[in-house]
Amino acid sequence: MLEVTDLECVRGNRTLFASVGFALRGGELLRAAGANGSGKTSLLRIVCGLLVPTRGEVRWRGSDIRSLREDYGRQLLYVGHANAVKDDLTASENLAVTCTLAGIPASGGQVRAALHRLGLAGCEKLPVRVLSQGQRRRLALARLALGGSVPLWVLDEPFTALDAAAVDCVQTLILEQLGRGAAVIFTTHQDQLAAAVTFCIDLDSRAR
Amino acid sequence: MNWGGWSDFFAMGGYALYVWGSYAVTLGLMVMEIVLLALRGRSIHGELGRARKRGGP
Amino acid sequence: MLPAMRCVIHRDLLLALRRRADVMTMLLFFVIVASLFPLGVGPEPNLLRTIAPGVIWVAALLASMLSLTRMFSADYADGTLEQMLLSSAPLGAIVAAKVTAHWLISGLPLVLMAPVLALQYDLPRPLLEVLTLSLLLGTPVLSLIGAIGAALTLGVRGGGVLLALLVLPLYVPVLVIGAGTVDVAAAGLGAQPYFQLLGALLVVAAAFAPWAIAVALRISIE
Amino acid sequence: MLAPWFGVLAAAFCAAGLYIGFFIAPTDHQQGEAYRIIFIHVPAAWMSMFLYLVMAFWAGVGLMFNTRLSGMMASALAPTGALFTFIALWTGSLWGKPTWGTWWVWDARLTSELILLFLYFGFMALQAAIDEPRRADRAGAVLALTGVVNIPIIYFSVRWWNTLHQGASVSLTSAPTMAATMFAGMVVMAFGFWFYSIATALARARCIILERERATDWVADYARVPK
């Protein structure tokens, strides 16, 4: 489904990584590993199309993602370091907005169910301003509970700021999604989902 | 040529201030740009030279 | 494509309602700037009448520029802008929705407030309508062009002043034709052709600006 | 590099242009000698417009094909373009003083030159404000393209504004009757300025390339060659 060939990324005048390539098929889990600043986030952003690589290309089902643009957006769900939530909106409004943007149908009931699943049961109507950092991260990840139909998930350190219960919940979400034949790319510093990882790219060994 | 002599030429029919004013400024700005460029070029070469002595870009 | 656009507009309006103070401060700025001129120029009526369109237009232009910096920077900071770039709708449409939302928040109130201010300059009634209509056609163009500047200066230090420097020269045609329509109407000539000119400017801006904003956003987000 | 050669060409053409302008062109019956300023005012105005178009072209190419070099060419051209716009304005007002008695004439062409100067400064300010060179080039490119679309609109709206408020009595467009030699002088001067801008642009591009590629190896070898 997703082929990445000969990727190179230069930030400032430092080459983060070079000649990175992999192919990802449905149901596979890819982990990008490496120390801080080794270019993990840049790699994920390149795969999403947010960042233009210095060399190499990313192809989705055969065609270059830059020519696909919003069609690729429809196939993709990206959760980055930033939670993409608005402080003035309530939790359910935030979730509804991000789902509509990503093209995922989300009725009131589904939104409430997703929030329940991520342990945000009582906070639907609360403005996000009053939520803790952990709760905001859960809200950002609540999209995954609704994103069952999206074939590619790209998650940048999904487990940061999460307590044990939330980590388990997200792990089961990812495993369910893999079961449905979707592909997932993620980064983490702990070793969650170590068993399920199909293959891992270690950026430290490639840095020049 | 229709100039009586160099003095007429510089008097420019009484408009010396304006004509020469504008030419002087134009010439001055162009020369200044060239000088700035030369300085910029020399400083870069100097820097690269020093970097080469320290070995490494 | 429509649901995403409607959602963006709805969200921005909701945000503006939740933070009503911003809209108010901008309107107050518009009123203050417009009422400063008589203090500076003197209360002499027919002098005020001649400068009225120009003053109100410049005040409207400056007021709408105030809220430009916030158009994208808030979304850029909390990561929602990334979601917009990766959305299921074309970026041009999303950006068009953002600009419409910005116009509804900062352009429309100015248009509604302008007649009230024009009374300060005792502009006769027919000219009042011409002024309001020219603002109605002109402010969306201001938002469109301003959005290009806002997207370019995203996350750049000294963004506010730089944005003004980039955008003001591009505002000149709108200001000239907008204020000019009122002068032409004052001189008794039909202002109709000039409204068409303003309409043409709006169409050109609406066609060109979303593409430029989308490219600028993609560059700034890297 | 080519820059010095274009510099020599530029000097030759400018000298020829000045020679024609001062020694061959007859005295103008209306304005006496003051009109000789036209020999740098008009070419400078042409160049300011022309350089902005070339800059926008290079910027567009850089944006479309993602080539770094064309982005650098665009930012190399900007200061020279701004210089010519300023020269056009300066000589315009100096020419206005003897002929119309005021330093600044709100004439359509002079006003749009002034706005062009702001566009240049906007471009350079944007490039200076963004640290990362690649993003600076591409952001500048978008601004240059937006500017190019706006230049004709600005020119016509300012001309329309001029006729609206003041009537077309005072305007630079009614240039004095063009004797052949005057026009020749202007064209030769224009070529002189054109070669001059190529020379400065190439020299500045070389500096930009060296500054930006400081880290790459080929620059280090290049520096080893005594300059």
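Chain letters run A, B, ... following the sequence lines, proteins first and then strands; every chain starts at 1.
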Please determine whether side chain to side chain contact (heavy atoms under 4.5 Å, CB included) holds for the pair A:D87 and C:D78, giving the CA-CA distance in whole Å, both sets of side-chain angles, and the decisive distance to 0.1 Å. CA-CA 9 Å; A:D87 290 353; C:D78 57 31; over 6 Å; no

Can you tell which of A:G73, A:A96, A:A84 has the highest number of heavy-atom pairs within less than 4.5 Å of chain C? A:A84

At their closest point, which heavy atom of C:E82 faces which heavy atom of A:Y78, and how far apart are they? OE1-CE2, 3.6 Å

Counting neighbours of CZ on A:R112 that are heavy atoms of other residues, nucleotides or ligands and sit closer than 6.0 Å, is the number greater than 12? no

Just to verify, which of C:D12, C:L14, C:T80 counts as forming a side chain to side chain contact (heavy atoms under 4.5 Å, CB included) with A:K86? C:T80

Decide yes or no for C:L86 and A:C48: does some side-chain heavy atom of the first lie under 4.5 Å from some side-chain heavy atom of the second? yes

Checking heavy atoms, do the side chain of C:I94, its backbone, both or neither come under 4.5 Å from chain A? side chain

Residue among A:G80, A:S42, A:A102 with most heavy-atom pairs under 4.5 Å to chain C: A:A102

Is there a side-chain contact between A:L50 and C:L85 (heavy atoms, below 4.5 Å)? yes

Check each atom of A:E93 against the heavy atoms of chain C and say whether the ones under 4.5 Å are side chain, backbone, both or neither. side chain

Report which part of A:R136 has an atom under 4.5 Å of a heavy atom belonging to chain C: side chain, backbone, both, or neither. neither

Taking the side chain as every heavy atom from C-beta outward, state whether C:P90 and A:E70 have any atom pair closer than 4.5 Å. yes

One should read off an interatomic distance between C:R218 CZ and A:L51 CG, to the nearest 0.5 angstrom, of 13.0 Å

Just verifying a value: how many Å separate A:L76 CG and C:S88 OG, rounded to the nearest 0.5 Å? 11.5 Å

So which atom in C:P3 and which in A:T100 form the shortest heavy-atom distance, rounded to 0.1 Å? O-CG2, 4.2 Å

Please name the pair of heavy atoms, one in C:I221 and one in A:R45, separated by the smallest distance, quoted to 0.1 Å. O-NH2, 2.9 Å

Between atom CG of A:D88 and atom CZ of C:R19, what is the distance when rounded to the nearest 0.5 Å? 4.5 Å

Under 4.5 Å, counting heavy-atom pairs only, tell me which of C:L15, C:L91, C:L81 racks up the most with chain A. C:L15

So, the part of A:N83 with a heavy atom under 4.5 Å from chain C: the answer is backbone

Heavy-atom contact with chain C under 4.5 Å, split by part of A:V52: both

I want to check something: taking the side chain as every heavy atom from C-beta on, are A:L89 and C:R18 in contact at a cut-off of under 4.5 Å? yes

